[in-house]
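The structure displayed is predicted, hence computed values, not measured ones. Throughout, residue positions are numbered sequentially from 1 according to the sequence presented.
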Amino acid sequence: MTSDPLVVSGHAQVRAVLADPRFTVDPVPRPPFALSVAWLRGAVGRFAEGSTHAGRRAAGEAVLAGLDPDALRAEAVRLASQKTGPPPCPPELVPVLVLAVALGVPVQDGPSAVEAVTALAPAYLPGPEEVDSEAADEGLARLARLLGDPAPERLAVLAGLLAQACGPTAGLVRGALARAAASRPVEQTVEQTVEELLDETLRRDPPVRTLRRRAPGDGRAVVLDIAAANRDPRALSHLAFGAGPRACPGRRVALALAAGTVEAVAR
């Protein structure tokens with residue numbers, strides 16, 4: 001009989017679990033290469049452990065190191081401020097568009113890349129709702145073509161980063177814009193407001209509300225309630241990007257993309 005998962009919600013306790021490498025994720029087996037989201041999930045670092053995770057994480061960090069957060073933010077401002085012609089995509093998907101082009105998609109194909117990523121992302125980070133796995137696989141195949149059919153290892157890194165931009169980063173933009181519309185700060189510059197707004201959104205309404213781990217020893221499922229931990233009055237910082245050895249390596253890029261988008265819309 002499977003025991004109920006242990007829910008951890010205190011800030012210090014959640015941080016301690018995230019910092020302890022004995023708490024593991026559930027690895028996703030890697031099937032033979034195919035342009036399917038099942039293959040993608042088995043090929044990225046997010047769903048791997050041990051040396052496999054370390055190697056894949058290093059590959060992702062190398063790609064992220066080649067990006068300029070300031071340039072990404074400026075491009076997000078430009079696209080989200082576009083006044084002539086139809087918008088290239090909804091505001092929350094501007095980060096996906098900017099990142100896709102930065103990762104090698106031709107500028108003219110940026111909107112097509114956004115469509116491809118929005119098709120595959122729900123299956124990459126599945127939620128409670130039903131997803132169209134056939135459409136997700138077609139989205140990955142289309143994205144691979146737009147990226148120039150990179151080698152499988154690189155495709156996994158690029159597609160994983162874009163799926164994250166379509167999930168948590170887009171969620172951060174939506175949450176920040178909703179919070180800004182509900183209560184606009186007074187007598188602050190747009191830049192100051194954006195930074196504070198994003199931090200407040202991450203603290204009070206993080207796009208990733210829970211994380212899951214397996215406890216050492218008995219392997220019991222552990223649910224880390226990030227949203228509750230962030231609201232802990234004793235917390236000095238939020239855990240929206242995780243912590244410890246598996247903390248999100250794309251934090252600076254995600255914040256730059258979100259800040260540029262929110263800054264443009266706030267104007």
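Listed by chain and residue number, nothing satisfies the side-chain hydrogen bond (donor to acceptor under 3.5 Å, both in side chains) test with Asp68 (two or more places apart in sequence, or in another chain). A search for side-chain hydrogen bond (donor to acceptor under 3.5 Å, both in side chains) contacts involving Arg214 returns Asp26, not counting sequence neighbours. For Glu61, the side-chain hydrogen bond (donor to acceptor under 3.5 Å, both in side chains) test picks out Arg57, with sequence neighbours left out. Qualifying salt bridge (Lys or Arg N to Asp or Glu O under 4.0 Å) partners for Arg56, counting only residues two or more places apart in sequence or in other chains: none. Here Arg46 pairs with Gln164 under the side-chain hydrogen bond (donor to acceptor under 3.5 Å, both in side chains) rule; sequence neighbours left out. Not a single salt bridge (Lys or Arg N to Asp or Glu O under 4.0 Å) links Asp225 to another residue, sequence neighbours left out.
Between the CZ atom in Arg73 and the CG atom in Leu257 there is a gap of 10.5 Å [rounded to 0.5 Å]. In this structure, CG in Leu197 is found 7.5 Å from CG in Leu177, a value given to the nearest 0.5 Å. Taking CD of Glu115 as the reference point, atom CG of Leu143 lies at 12.0 Å (rounded to 0.5 Å). With rounding to the nearest 0.5 Å, the separation of CG in Leu172 from CG in Leu255 is 7.0 Å. Atom CD1 in Ile226 sits 8.5 Å away from atom NE2 in His11 (nearest 0.5 Å). The line from OG of Ser9 to CG of Asp232 is 8.0 Å long, rounded to the nearest 0.5 Å.
Clustering ILVMFWY residues whenever any of their side-chain heavy atoms sit less than 4.5 angstrom apart, transitively, puts Leu239 in the very cluster that holds Val208. With hydrophobic clusters built from ILVMFWY side chains whose heavy atoms lie under 4.5 angstrom apart, Val28 shares a cluster with Leu161. Hydrophobic clustering of Ile, Leu, Val, Met, Phe, Trp and Tyr side chains at less than 4.5 Å, counting indirect connections, keeps Val44 apart from Phe241. Hydrophobic cluster membership is shared by Leu64 and Leu155, with clusters built from Ile, Leu, Val, Met, Phe, Trp and Tyr side chains linked at under 4.5 angstrom. A continuous path of hydrophobic side-chain contacts links Leu79 to Leu67 [ILVMFWY only; heavy atoms under 4.5 Å].
Applying the salt bridge (charged side-chain N to carboxylate O under 4.0 Å, His left out) rule to pairs touching residues 235-256 yields Glu49-Arg246, sequence neighbours excluded. Judged as a ring-ring contact (aromatic ring centres under 6.0 Å, His included), the pairs with a partner in residues 42-67 (not counting sequence neighbours) are, in order, Phe47-Tyr124. Among pairs with a residue in residues 134-154, those fulfilling side-chain hydrogen bond (donor to acceptor under 3.5 Å, both in side chains) read Arg30-Glu153, at least two apart in sequence or across chains. The side-chain hydrogen bond (donor to acceptor under 3.5 Å, both in side chains) pairs that include a residue from residues 94-105 number zero, where partners must be two or more places apart or lie in different chains.
Remark: side-chain polar atoms of Ser81 are paired, donor with acceptor, to backbone N or O of Val77 under 3.5 angstrom.
The shortest distance between side-chain heavy atoms of Leu40 and Leu140 falls below 4.5 Å. Counting heavy atoms from C-beta outward, Arg220 and Leu6 have side chains that approach closer than 4.5 Å. Residues Asn230 and Pro206 form a side-chain contact, since some pair of their non-hydrogen atoms from C-beta on lies under 4.5 Å apart. Between Trp39 and Pro152 there is a side-chain heavy-atom pair separated by less than 4.5 Å.
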Starting from the C-alpha separation in whole Å, work towards a yes-or-no answer on side chain to side chain contact (heavy atoms under 4.5 Å, CB included) for Arg231 and Arg203.
CA-CA 7 Å; Arg231 293 192 297 270; Arg203 181 183 292 274; 6.0 Å; no
Run the numbers on Glu75 and Arg78 for salt bridge (charged side-chain N to carboxylate O under 4.0 Å, His left out), then give the verdict.
CA-CA 5 Å; Glu75 181 63 4; Arg78 187 185 73 81; 2.7 Å; yes
Throw together a table of side-chain donor-acceptor distances under 3.5 angstrom for residues 15-25, partners on residues two or more places apart or in other chains.
residue: Arg15; atom: NH2; partner: Ser237; partner atom: OG; Å: 3.3
residue: Asp20; atom: OD1; partner: Arg22; partner atom: N; Å: 2.9
residue: Asp20; atom: OD1; partner: Arg22; partner atom: NE; Å: 3.1
residue: Asp20; atom: OD2; partner: Arg22; partner atom: NE; Å: 3.2
residue: Asp20; atom: OD2; partner: Arg22; partner atom: NH2; Å: 2.7

Sequence neighbours left out, cut at 3.5 Å: what donor-acceptor pairs do the side chains of residues 88-114 make with other protein atoms?
none

